[in-house]
A.B. asks: 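Quick one: the structure is below, and I'll ask about it shortly.
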Amino acid sequence: MVPPATGEPATSAPAVASRNERFRKADRLLKRSEFLRVQRRGRRFTTPHLVVLSIESLTGRTRVGITASKKIGNAPTRNRVKRRFREIFRQNKAAWPEATDIVIIARSASVAAAYNTLQDDLLAWAERAKRGTSK
RNA sequence: CGGGAUGGGUGCGUGACCGUGGUGGUCGGCAUGUCCGAUCAGCGAGGAAAGUCCGGGCUCCGCAUGGCAGGAUGGUCGUUAACUGCGACCGGGGGUAACCCCAGGGAAAGUGCCACAGAAAGUAUACUGCCGUCCGGCACGAGAGUGUGGCGGUGAGGGUGAAAUGGUGAGGUAAGAGCUCACCGGCCGGCUGGUGACAGUCGGCGCAUGGCAAACCCCAUCUGGAGCAAGACCGUAUAGAGGAUUCCUUCGGGAGCGUGUCGCCUGCACGCAGUUCCUCGGGUAGGUCGCACGAGGCUGUCGGCAACGGCAGUCCCAGAAGAAUGGUCACGACUCGUCGAUGGCGAGAUACAGAACCCGGCUUACAGCCCAUCCCGACAC
RNA sequence: GUGGGUGUAGCUCAGCUGGUUAGAGUGCCGGUUUGUGGUACCGGAAGUCGGGGGUUCAAGUCCCCUCACCCACC
């Protein structure tokens with residue numbers, strides 16, 4: 001993994017720009033301890049469909065983790081919700097704030113919600129988060 | 001054509017773009033690694049992957065021996081690695097039928113229970129009764145006799161109940177009764193057929209033995225315990241406290257103590273002055289293997305009624321770990337709604353549901369579609 | 001993965017070793033008391049015993065299957 005200090009903006013920026021719809025393991029939160037860090041100290045944003053928690057990343061990358069608990073449905077339902085959130089994250093990478101760990105917690109209303117509704121909710125959060133960090 | 005029974009199959013398709021998890025190859029990077037990146041090839045959820053109700057493989061517990069306890073199963077024969085599965089058959093029950101259902105051993109080994117009702121609920125009894133050629137009973141009566149009591153015979157009728165001492169009919173008798181007879185049922189024994197459950201038949205017994213073992217129990221058979229968080233290795237981390245260490249010896253061993261995989265005993269193994277063993281406590285960060293060729297799938301053929309098995313050919317078919325199959329679009333099926341209806345428009349995670357060590361079953365959930373065989377009824381020929 | 005528990009009036013719970021009325025509290029409805037309401041008193045209704053099948057003369061209770069929910073441990 002590339003250390004945060006040696007970001008190499010001149011050489012790697014065009015490559016990243018052409019590949020900005022990728023979503024690999026480096027873009028995800030993988031450990032329970034990472035989830036707990038965000039959930040304990042992060043800032044909270046709530047809509048009827050979801051809860052977003054975010055905190056400044058330690059790795060210099062923007063990473064996301066999605067929680068879909070047993071409360072919202074059975075295994076295929078939870079898988080589908082997680083895949084849709086992942087797809088939204090992947091296709092709108094430019095919108096997210098930089099170097100932030102994000103946890104998205106799905107609420108039960110998100111099961112029946114349309115794809116675009118969920119996308120609008122997340123973009124609204126991203127708008128607010130970017131303004132907050134720029135000020 | 002209508003209604004029904006049984007068994008089986010399918011579980012959206014094609015294409016484009018953007019992504020994703022393993023596997024293999026090639027190339028590149030530097031922090032030379034089980035690393036990161038690029039690229040190519042190929043693979044990537046189910047019939048139930050589910051529930052976890054059974055059974056096995058596999059792994060560990062030193063071995064998995066014997067017994068008790070506990071648990072499971074329960075017609076017969078087969079099938080299988082094994083089973084509470086499956087197949088065929090037997091017996092019983094239901095249905096007009098196809099077909100479906102049944103934990104379906106033992107009640108003369110013992111214990112227990114059978115409420116209410118009823119005389120009596122199990123080894124005997126006699127409530128209401130019936131009968132008497134007996135007591136020359138007692139009362140009434142002129143008497144015949146009637147009533148009543150005792151004694152004896154009987155166990156048929158009535159009523160109760162889920163169940164009442166085999167059932168129906170005839171004979172018989174004082175009244176009756178398997179007391180006798182016929183038929184049906186039952187029990188015992190023989191013979192025949194069948195591997196067997198059992199069936200058929202002959203003879204005997206007038207019948208001795210009510211039901212409940214999904215009540216305890218008895219009999220037969222099976223059964224050691226835990227589970228891939230099994231288990232092995234690498235790494236990380238920490239704080240200690242308490243206890244045990246004995247005898248005999250012919251040096252082969254024996255006794256004793258401690259420890260051990262759910263309960264116990266037996267048996268077995270290890271340790272018994274080594275910087276050893278045991279118990280309690282404290283503590284850490286995760287990774288690699290196990291882990292994808294298997295009781296494997298498909299096709300053909302042979303044996304078998306079948307479950308299933310043998311042989312030959314062919315194929316390689318998910319391996320994640322906050323956990324991979326998704327998103328968008330086009331065309332076409334399909335379903336639903338609606339309308340100006342051989343069509344148009346709109347809606348649709350298309351149903352149920354997501355591998356987590358692996359198999360064999362069972363059970364449950366399921367939009368819609370398809371196939372086969374059979375039964376009943378109506379009509380026509 | 002393993003083990004255990006619960007399901008009975010609207011709600012919270014009883015219901016024993018099967019036995020003939022499935023009860024209690026609370027809530028609900030009606031009446032009495034009060035000027036009215038509450039309280040108090042009297043009366044009443046209300047249960048597929050989670051679902052299906054079986055054993056039994058008889059099942060909330062025994063057996064099997066199944067559904068939903070909850071808990072514990074590794």
Side-chain angles (χ1 to χ4, degrees):
Chain A
M1 191 184 296
V2 179
T6 61
E8 304 176 287
T11 53
S12 65
V16 168
S18 68
R19 292 292 170 196
N20 65 351
E21 292 189 2
R22 304 213 51 173
F23 185 74
R24 314 206 69 162
K25 277 195 180 179
D27 301 313
R28 298 206 293 258
L29 299 181
L30 295 173
K31 293 237 169 6
R32 177 170 170 78
S33 56
E34 295 170 345
F35 276 78
L36 289 178
R37 190 179 80 90
V38 177
Q39 288 176 25
R40 210 167 282 155
R41 309 215 189 101
R43 302 178 58 188
R44 178 180 292 258
F45 174 85
T46 307
T47 81
H49 302 106
L50 50 89
V51 177
V52 181
L53 294 148
S54 61
I55 193 170
E56 201 173 319
S57 173
L58 300 176
T59 60
R61 305 192 56 143
T62 294
R63 301 189 301 165
V64 69
I66 302 157
T67 293
S69 78
K70 230 178 187 175
K71 247 184 280 177
I72 67 168
N74 58 14
T77 303
R78 290 154 61 201
N79 274 342
R80 194 168 51 255
V81 167
K82 288 165 85 171
R83 285 166 181 156
R84 294 172 88 177
F85 279 127
R86 236 172 29 221
E87 192 69 11
I88 291 167
F89 179 83
R90 181 178 75 80
Q91 293 195 334
N92 299 281
K93 268 194 171 176
W96 314 128
E98 290 182 5
T100 308
D101 281 350
I102 308 165
V103 168
I104 303 172
I105 299 174
R107 309 178 76 178
S108 41
S110 65
V111 173
Y115 181 84
N116 285 334
T117 310
L118 300 177
Q119 185 165 340
D120 291 347
D121 276 7
L122 278 173
L123 290 174
W125 165 79
E127 189 77 8
R128 177 184 290 196
K130 275 187 151 179
R131 261 190 283 123
T133 49
S134 65
K135 278 175 191 172

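For clarity, every value in this text was computed on a predicted model and none was experimentally measured. Naming: A, B, ... by sequence-line order, numbering from 1 per chain.
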A.B. asks: Within this structure, what is the CG-to-P distance between A/Asn79 and B/rG327, rounded to whole angstrom?
C.D. replies: 11 Å

A.B. asks: Give the nucleotide from the list B/rA349, B/rG322, B/rG19 with an atom nearest to the side chain of A/Arg32.
C.D. replies: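 Between B/rA349, B/rG322, B/rG19, the one nearest the side chain of A/Arg32 would be B/rG322.
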
A.B. asks: At less than 4.0 Å, is any side-chain N or O atom of A/Arg83 found next to OP1 or OP2 of B/rU325? Yes or no.
C.D. replies: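 Yes, within the criterion.
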
A.B. asks: In whole angstrom, what separates A/Asp27's CG from B/rA324's P?
C.D. replies: 15 Å

A.B. asks: Using the P atom as the point on both nucleotides, what is the distance between B/rA237 and B/rC63, in whole Å?
C.D. replies: 35 Å

A.B. asks: If only side-chain N and O atoms of A/Arg24 are considered, is one of them under 4.0 Å from the OP1 or OP2 phosphate oxygen of B/rA38?
C.D. replies: yes

A.B. asks: For the P atoms, the ones on B/rG9 and on B/rU299, what distance do you get once it is rounded to whole angstrom?
C.D. replies: 12 Å

A.B. asks: Nearest-Å distance, NZ (A/Lys25) to P (B/rG19)?
C.D. replies: 19 Å

A.B. asks: Can you confirm whether the side chains of A/Asn74 and A/Thr77 place a donor and an acceptor under 3.5 Å from each other?
C.D. replies: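 Looking only at side-chain atoms, A/Thr77 and A/Asn74 do form a donor-acceptor pair, the distance falling under 3.5 Å.
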
A.B. asks: Any donor-acceptor pair under 3.5 Å linking the side chain of A/Arg107 with the backbone of A/Thr47?
C.D. replies: yes

A.B. asks: Determine which nucleotide pairs with B/rG87, using a 3.5 Å limit on both distances of a Watson-Crick or G-U wobble pair.
C.D. replies: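 B/rC77 - that is the nucleotide pairing with B/rG87, both distances being under 3.5 Å.
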
A.B. asks: Return the pairing partner of B/rC181 with a 3.5 Å limit on both distances, Watson-Crick or G-U wobble; otherwise return none.
C.D. replies: B/rG169

A.B. asks: Give the rounded distance in Å between these two atoms: CD of A/Glu87 and C1' of B/rU20.
C.D. replies: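 So the CD-C1' distance, A/Glu87 to B/rU20, works out to 10 Å.
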
A.B. asks: Calculate, to the nearest 0.5 Å, the distance between atoms CD1 and CD belonging to A/Ile105 and A/Gln39 respectively.
C.D. replies: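 Nearest 0.5 Å value for the CD1-CD distance: 4.5 Å.
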
A.B. asks: Report the distance from atom NE2 of A/His49 to atom P of B/rA349, rounded to the nearest whole Å.
C.D. replies: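 Checked: the NE2 to P distance equals 16 Å.
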
A.B. asks: According to a strict under-4.0 Å criterion, is A/Arg86 in side-chain N/O contact with OP1 or OP2 of B/rU325?
C.D. replies: yes

A.B. asks: From the options B/rG354, B/rA349, B/rG327, select the nucleotide whose nearest atom is closest to the side chain of A/Tyr115.
C.D. replies: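 So the side chain of A/Tyr115 is nearest to B/rG327.
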
A.B. asks: Determine the Euclidean distance between corresponding C1' atoms of C/rC13 and C/rG52; express it in Å to zero decimal places.
C.D. replies: 27 Å

A.B. asks: Which heavy atom of A/Phe45 sits nearest a heavy atom of A/Asp121, and at what distance?
C.D. replies: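 What the structure gives for the nearest pair is CE2-O, 4.0 Å.
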
A.B. asks: Measuring only the P atom in each nucleotide, how far is B/rC77 from B/rU195? A whole number of Å is fine.
C.D. replies: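 That atom pair is separated by 13 Å.
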
A.B. asks: If you take all heavy atoms of A/Trp96 and A/Phe89, which pair is closest and at what distance?
C.D. replies: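 Taking every non-hydrogen atom into account, NE1-O, 3.0 Å.
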
A.B. asks: Syn or anti for B/rA306? Use the chi torsion, O4'-C1'-N9-C4 for purines and O4'-C1'-N1-C2 for pyrimidines, with syn inside 90° of 0.
C.D. replies: anti

A.B. asks: Does B/rG22 sit syn or anti, given that only angles within 90° of 0 count as syn?
C.D. replies: syn

A.B. asks: Quick check, does A/Phe23 stack with B/rG19? I mean ring centres under 5.5 Å and planes off by under 30°.
C.D. replies: no

A.B. asks: Let's test this: given Watson-Crick or G-U wobble pairing with both distances under 3.5 Å, identify the partner of B/rC352.
C.D. replies: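 B/rC352 is paired with B/rG46.
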
A.B. asks: Should B/rG47 be called syn or anti, with syn set as within 90° of 0?
C.D. replies: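 Syn.
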
A.B. asks: When the C1' atoms of B/rC205 and B/rG166 are considered, how many whole Å apart are they?
C.D. replies: 14 Å

A.B. asks: Paired with B/rC362: which nucleotide, if any, by Watson-Crick or G-U wobble criteria at under 3.5 Å for both distances?
C.D. replies: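 In the structure as shown, B/rC362 has B/rG51 as its Watson-Crick or wobble partner.
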
A.B. asks: Can you tell me how far C1' in C/rG51 sits from the matching atom in C/rA68, rounded to whole Å?
C.D. replies: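 My reading of the C1' atoms in C/rG51 and C/rA68 gives 11 Å.
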
A.B. asks: Mind checking the C1' distance from B/rA164 to B/rG55? Whole angstroms is fine.
C.D. replies: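 B/rA164 and B/rG55 have their C1' atoms separated by 50 Å.
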
A.B. asks: Rounded to whole angstroms, how far apart are CD on A/Glu34 and C1' on B/rA285?
C.D. replies: 13 Å

A.B. asks: Could you check whether A/Glu87 pairs with A/Arg90 (Lys NZ or Arg NE/NH1/NH2 to Asp/Glu carboxylate O, under 4.0 Å)?
C.D. replies: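 Looking at A/Arg90 together with A/Glu87, the answer is yes, because their closest N to O distance falls below 4.0 Å.
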
A.B. asks: Between B/rG19 and B/rG290, how many Å separate the two C1' atoms, rounded to a whole number?
C.D. replies: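 Going atom to atom, C1' in each nucleotide, I get 33 Å.
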
